[in-house]
Structures are given as C-alpha cells and as structure tokens.
Amino acid sequence: MVFVRRFLLVSVLALAVARCSEQPTAVKAPASPQALRWERAPQFTARIDTRPRRAGTMALTPPLSLDQYQVSFWAVRGESRSVQINYSSSIDSETHPFLHLTTTDPQFVPGIGELAVGDSVLITVTVDTSKIGITLEPSGLQFGEDAQMKIWYDGAGGDLNGDGLADSTDQVVEAQLLGLWYREDDSEAWEKLGASQSLEEKSFTYALPHFCEYEIAESFLEWSVGW
C-alpha cells in the first residue's frame, strides 16, 4: 500500500512538471522606458511672454541664453504667461523649437497654499542636456485650468531606438512605442501620459494638471513570452 501511494505521488509530480514545462515562460520587462537622447549637444535660448495677451498681439522678451540650462518666469493666476525654448546644434544653422509652456491658472503651491487671483509663483524650467526631457518647478504646483505644454523631439535625429541607425525600425518606434512620460521624483517609477502626438511636427502636446519631471521615451512591452 505504501509503495502504491509513493508511486502515485511520484506520477502526479511528474505529470505536474510536464504540464508546467508546456506553459510559456513570462519574463517581466524593465520598468523604466528608454529615453530619447539628443543627437548633438544643443544650445538653448528662451523667449518669455510676460504680459497678458490681447487680440492679435504678443509681447515677448528678447531671446535669453539659458543659465545652467534653466529659465524662470512669474506665472500669475488669471493671466496668460508662457515660455518658448528653442535649440540649435552643429547639425545645421537653424533654430528649432523644443518647448512651449503656457500657464493661466496656477492655483496651489506646495508649502504656500492656494493663490488668489493676481497672485504669482516663480516657475523654473530645467532642460536635460543628455536626454530629451525637462523638469518643471515648483514640483507639485497645481493648476485650476490645466497648463498647456508642447515638446518637440526632432533633436534626437532619426535614431529613436539608440542602435546607431536611422531606419524603418525607428519609424515603428515613433508610431507605436514613443510617448511622453512623467514621474513625481527620482524615487517614483515613470508613467506614460495620454499625450497627443504629431508625427509631422515630431511633437507631443499635453494639458498639465500639475508640475513634475517629463521625458520623451520609448516604451517596452510589459511582458515578453517565450516557450
């Protein structure tokens, strides 16, 4: 009787192992996306719209060189304020757009509280010079009416997957895997946003409810399956 029971147990275990071996092996892909990199070292300039807009007019400061790759401006609750950051590189002699950010309703500042209409908060944009991304501060700044951000990624050139070649694979990456990502701080994981992409302009547009860190990156498939 003991022998029979041991034989049945061994048979059941063997069958279970066989069935497990028939199942596909699921491997968790890396959690972090692969950020786009600048093709050449860029030089940045910025223009700041410091006055409320009127029909048919726009008042801009002269172009500014970014100090420490940062630019700051005062956002006022109830007034439209914006910054335009452009870049140039050794690829050509042209100036290209990189970021346009517009705010009209900064509502809540961490550590300070809610702003009244007419109150202001100093906004700082820091540009990453290795990957195509930015940090917006003060982190956690909340808006009543979303801020509007547009960011261009043509500074990466044609090689979007980092393999050293600009080919049809990069076109697939751009159309299917590329996205705008964010994280609250270095301790948080990156999450993909539902931003609108323009393949013609090579840009993403998104309405920001609050400030944090952003980058344009290629997403990985969540699971890769092998037999």
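- Thr104 and Ser80 share no side-chain donor-acceptor pair at under 3.5 Å.
- Looking only at distances, no side-chain donor or acceptor of Trp190 sits under 3.5 Å from a matching main-chain atom of Glu215.
- Cluster annotation: Val125 is connected to Leu180 through the hydrophobic network of ILVMFWY side chains, with a link wherever side-chain heavy atoms come within less than 4.5 Å.
- Taking OG of Ser120 as the reference point, atom CG of Leu115 lies at 8.0 Å (rounded to 0.5 Å).
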Practice task
Please assess Ser72 against Thr124 for the test side-chain hydrogen bond (donor to acceptor under 3.5 Å, both in side chains), listing each intermediate value before the final yes or no.
Solution key: CA-CA 4 Å; Ser72 298; Thr124 299; 2.8 Å; yes
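- Interatomic distance, Phe211 CZ to Leu136 CG, rounded to the nearest 0.5 Å: 5.0 Å.
- The cluster map of Ile, Leu, Val, Met, Phe, Trp and Tyr, joined by side-chain heavy atoms under 4.5 Å apart, puts Tyr206 and Leu99 in the same cluster.
- For the atom pair Ile151 CD1 and Lys202 NZ, the distance stands at 15.0 Å (nearest 0.5 Å).
- Annotation: side chain of Lys192 is not in contact with side chain of Tyr182 (no heavy-atom distance under 4.5 Å).
- Within the model, atoms CG of Leu208 and CG of Leu101 stand 6.5 Å from one another, a figure rounded to the nearest 0.5 Å.
- In this structure the side chain of Val109 reaches within 4.5 angstrom of the side chain of Val121, judged on heavy atoms.
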Applying side-chain hydrogen bond (donor to acceptor under 3.5 Å, both in side chains), run through Glu201 and Tyr153 and close with a yes or a no. CA-CA 9 Å; Glu201 293 187 343; Tyr153 57 86; over 6 Å; no
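- Looking at heavy atoms from C-beta onward, Gln84 lies in side-chain contact with Asn86 at the 4.5 angstrom threshold.
- Side chains of His210 and Glu184: a donor-acceptor N/O pair is present below 3.5 angstrom, by distance only.
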Trp38 and Tyr69: CA distance, side-chain angles, deciding distance, ring-ring contact (aromatic ring centres under 6.0 Å, His included) verdict:
CA-CA 14 Å; Trp38 291 98; Tyr69 301 104; over 10 Å; no
Trace of the side-chain contact (heavy atoms from CB on, under 4.5 Å) decision for Gln43 with Ser89:
CA-CA 6 Å; Gln43 297 294 322; Ser89 71; over 6 Å; no
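- When side chains are defined from C-beta on, Glu174 counts as touching Gln197, because their heavy atoms get closer than 4.5 Å.
- Here the straight-line distance linking atom OG1 of Thr135 with atom CG of Asp128 works out to 7.0 Å at 0.5 Å rounding.
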| salt bridge (charged side-chain N to carboxylate O under 4.0 Å, His left out) between Arg37 and Glu39: does it pass, once the steps are laid out? | CA-CA 6 Å; Arg37 301 284 174 177; Glu39 182 179 18; over 6 Å; no
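- Val117 is not connected to Ile123 by any chain of hydrophobic side-chain contacts under 4.5 Å among Ile, Leu, Val, Met, Phe, Trp and Tyr, and they are in different clusters.
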### Task
With side-chain contact (heavy atoms from CB on, under 4.5 Å) as the test, would you mind laying out the steps for Met149 and Phe204 before giving the verdict?
CA-CA 8 Å; Met149 181 178 75; Phe204 285 95; over 6 Å; no
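- When the salt bridge (charged side-chain N to carboxylate O under 4.0 Å, His left out) test is applied to Glu114, the partners found at least two apart in sequence or on another chain are Arg77.
- Note: Phe98 and Tyr87 have perpendicular aromatic rings, judged against thresholds of 30 and 60 degrees for the angle between ring planes.
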If you look only at distance, which donor and acceptor atoms sit under 3.5 Å apart when one is on a side chain in residues 161-170 and the other is two or more places apart or in another chain?
residue : atom : partner : partner atom : Å
Asn161  : OD1  : Asp163  : N            : 3.4
Asn161  : ND2  : Asp163  : OD2          : 3.4
Asp163  : OD1  : Leu165  : N            : 2.9
Asp167  : OD1  : Thr169  : N            : 3.1
Asp170  : OD1  : Leu160  : N            : 2.8
Asp170  : OD1  : Asn161  : N            : 3.1
Asp170  : OD2  : Asp167  : N            : 2.9

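- Counting only heavy atoms from C-beta outward, the side chains of Trp181 and Ser219 approach each other to under 4.5 Å.
- Counting heavy atoms from C-beta on, the side chains of Phe73 and Arg81 come closer than 4.5 Å.
- In the hydrophobic clustering of ILVMFWY residues, with side-chain heavy atoms under 4.5 Å counting as a link, Val127 and Trp152 come out apart.
- Ile85 has its side chain within reach of Val71: a pair of non-hydrogen atoms, C-beta onward, lies under 4.5 Å apart.
- Leu122 and Ile48 are members of different hydrophobic clusters when ILVMFWY side chains are connected at heavy-atom separations under 4.5 Å.
- Side chain of Asp105 to backbone of Glu145: a donor-acceptor contact under 3.5 angstrom is found.
- A donor-acceptor pair shorter than 3.5 Å cannot be found between the side chains of Thr102 and Gln148.
- By the 4.5 Å heavy-atom criterion applied to side chains, Arg183 and Cys212 are not counted as neighbours.
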